[in-house]
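Notes for the one structure printed next.
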Amino acid sequence: MKYQDSLELAGEKAAQVKVFLQRAGLAAHPVNYAVCYDYISGHNEALCIAIEQKLAAKTSLDDFIMADLYSRYLVPANPQQEQLLQDAAGIVSRLTGYTDLAAEQVSDYLQQLDFSLMQLQQSNGENSLPLVEQLRQHTISFQQQQQQLQQQLEQANQQSHQLRHEIEQLKQQRLLDPLTGLYNRLAMQNQLDLWFTEQPGRRIAAIAVNLDHFNRFNQDYGNVIGDVILSKVARKISSYVQSSGLPVRSGGEEFLILLPDVDLRSASEIAEQVRRGVEKLRFVSAKSKRALPKVTISLGVSMFQHTENWHQFLARTTDVLKLAKQRGRNQVASEAMLTI
Ligand SMILES: Nc1nc2c(ncn2[C@@H]2O[C@H](COP(=O)(O)OP(=O)(O)OP(=O)(O)O)[C@@H](O)[C@H]2O)c(=O)[nH]1
């Protein structure tokens, strides 16, 4: 069991959770409550760090952020994964069973063979026909057993192929954001680790992208339309990323484009193209057929420095993005501006 708090302790924590949720203006529904309870308990270190970072950055926690924290740090194992693991365990145990059975059958047959040969030797040719017949029967039954085993092995082999395919699909899904289809933070982490270990001196640019005044958009038009906007903007962003780059949904309404072998100038040009592309998007409400307001994005561009780790790199890129916000939004800021 995950929680083993006494009734008294759980009551104290519940009171703290209530205060926390009230201060943050969050409803005490199960997701918010679970995230908050874990945070107050302090055992889930990764969750605590994530919340502390948000609080330090004065990010107001809302339902989306809480749902994101829930799925990232609290969500129980995915049932599909559980099923695959069970299937895999089933196939492995069946294969082990077949191997044991095959070894047993071979050993039995060899014993029978030894025994029959001994009897044949001792009989000196007399009464050898029934012995040969017995041996023939043993051989036939052994052949039948082996054929049956062969069929079972073929079946297990087919199932293991299918399983491998499903595992591959699941691995792929684990790396994708379900709303936008872009890569998620896990994929980004993997990719950055790969680039840095494969080629430590490699040039890597990052473009942080954030929708402008998206909170207002959500409030005015609702979260469902907000979601549609997010996925359309995501699609636009990825249309500017070549196959070598990585478009990522790094947070709720935040994206990141990682570009290997690109310098600051080229990355800034790409960022500007993305900005213009998104600005040109037009959205019409399916219900009222009325045009929705223009959506704009702010972008921050920086280059990886080999004296920093990738957390620092991404944090610096976010700082550059903040500069674009401060300068009035709907624009690109580059790290070169930070020193001006
Ligand atoms: N519809 C929808 N909204 C989301 C999602 N994830 C985050 N958001 C919303 O994005 C908004 C982000 O708001 P803020 O961080 O205040 O930023 P902003 O309003 O975009 O303002 P600036 O970034 O300063 O221009 C919040 O209203 C979140 O609820 C999502 O998956 N779907």
Side-chain angles (χ1 to χ4, degrees), residues 21 23-29 31-32 35-36 47 50-75 173 175-188 206-238 247-257 271 274-276 278-279 281 283-287 292-301 314-315 317-333 337:
L21 290 174
R23 282 204 191 129
L26 290 166
H29 59 59
V31 169
N32 289 349
V35 172
C36 211
L47 172 75
I51 293 189
E52 297 296 343
Q53 281 174 346
K54 294 209 179 292
L55 296 178
K58 300 213 180 333
T59 305
S60 45
L61 301 175
D62 61 22
D63 280 357
F64 282 107
I65 294 177
M66 296 299 271
D68 190 39
L69 291 170
Y70 182 80
S71 61
R72 249 187 249 179
Y73 302 108
L74 263 86
V75 85
Q173 280 170 16
L175 302 175
L176 296 178
D177 166 58
L179 177 70
T180 60
L182 295 194
Y183 290 101
N184 61 20
R185 286 183 79 94
L186 177 64
M188 170 183 78
I207 306 175
V209 183
N210 189 293
L211 275 80
D212 295 329
H213 299 305
F214 196 52
N215 193 14
R216 209 187 293 159
F217 204 98
N218 266 334
Q219 279 171 1
D220 291 349
Y221 298 96
N223 294 329
V224 176
I225 294 193
D227 281 358
V228 175
I229 304 287
L230 272 180
S231 53
K232 294 245 158 102
V233 169
R235 202 176 312 158
K236 193 76 198 166
I237 289 174
S238 43
V248 178
R249 183 174 182 208
S250 47
E253 27 79 79
E254 293 164 13
F255 302 95
L256 200 75
I257 305 170
V274 175
R275 187 198 67 74
R276 274 198 229 132
V278 171
E279 196 181 30
L281 286 173
F283 301 102
V284 176
S285 157
K287 233 197 221 162
L292 300 176
K294 216 163 63 173
V295 171
T296 63
I297 50 175
S298 298
L299 306 95
V301 190
L314 298 182
T317 313
T318 309
D319 285 344
V320 182
L321 165 70
K322 283 184 194 149
L323 192 66
K325 292 271 181 189
Q326 283 159 13
R327 289 177 159 223
R329 296 178 175 77
N330 190 19
Q331 57 187 281
V332 177
M337 294 174 181

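All residue numbers refer to positions in the sequence shown, counting from 1. Each ligand, and each atom within it, is numbered from 1 in the order the structure gives. For clarity, every value in this text was computed on a predicted model and none was experimentally measured.
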Can you tell me which portion of [X] lies within the under-4.0 Å heavy-atom range of ligand 1? Options are side chain, backbone, both, or neither.
X      : answer
Thr59  : neither
Phe64  : side chain
Asn218 : side chain

Atoms in ligand 1 flagged as close to [X], the criterion being non-hydrogen separation under 4.0 Å:
X      : answer
Gly226 : 1 (N)
Arg249 : 30 (C), 31 (O)
Leu211 : 20 (O), 23 (O), 25 (O)
Asp62  : 26 (C), 27 (O), 28 (C), 29 (O)
Asn210 : 23 (O)
Gly252 : 6 (N), 7 (C)

What protein heavy atom lies closest to [atom]? Include the residue and the distance to one decimal.
atom                    : value
atom 17 (O) of ligand 1 : Glu253 OE1, 4.0 Å
atom 32 (N) of ligand 1 : Asp227 OD1, 2.6 Å
atom 14 (P) of ligand 1 : Asn215 CB, 4.3 Å

Would you check if there is a donor-acceptor pair between the side chains of [Y] and [X] at a distance under 3.5 Å?
X      : Y      : result
Arg249 : Asn184 : no
Asn32  : Asp63  : yes
Ser298 : Asn210 : no

**Report entry** CA sep, side-chain torsions, deciding dist, call: Leu211, Val295, side chain to side chain contact (heavy atoms under 4.5 Å, CB included)
**Finding:** CA-CA 7 Å; Leu211 275 80; Val295 171; 3.9 Å; yes
Query raised in the report: Of all residues at least two apart in sequence or in a different chain, which pass the salt bridge (Lys or Arg N to Asp or Glu O under 4.0 Å) check with Arg185?
Result: none
Query raised in the report: What residues, two or more places apart in sequence or in another chain, satisfy salt bridge (Lys or Arg N to Asp or Glu O under 4.0 Å) together with Lys322?
Result: Asp319
Query raised in the report: Is the NZ atom of Lys325 crowded by more than 12 outside heavy atoms at less than 6.0 Å?
Result: yes
Query raised in the report: Out of curiosity, Ile225 CD1 to Lys232 NZ, how far, rounded to the nearest 0.5 Å?
Result: 10.5 Å
Report task. Evaluate the ring planes of Phe217 and Phe214, with Trp represented by its six-membered ring, and classify them as parallel (under 30°), tilted (30 to 60°) or perpendicular (over 60°). Result -> parallel
Query raised in the report: Should Phe214 be counted as touching ligand 1, given the test is an N or O pair under 3.5 Å?
Result: yes
Query raised in the report: Nearest heavy atom to atom 24 (O) of ligand 1: which of Gln326, Lys325, Arg329 does it belong to?
Result: Arg329
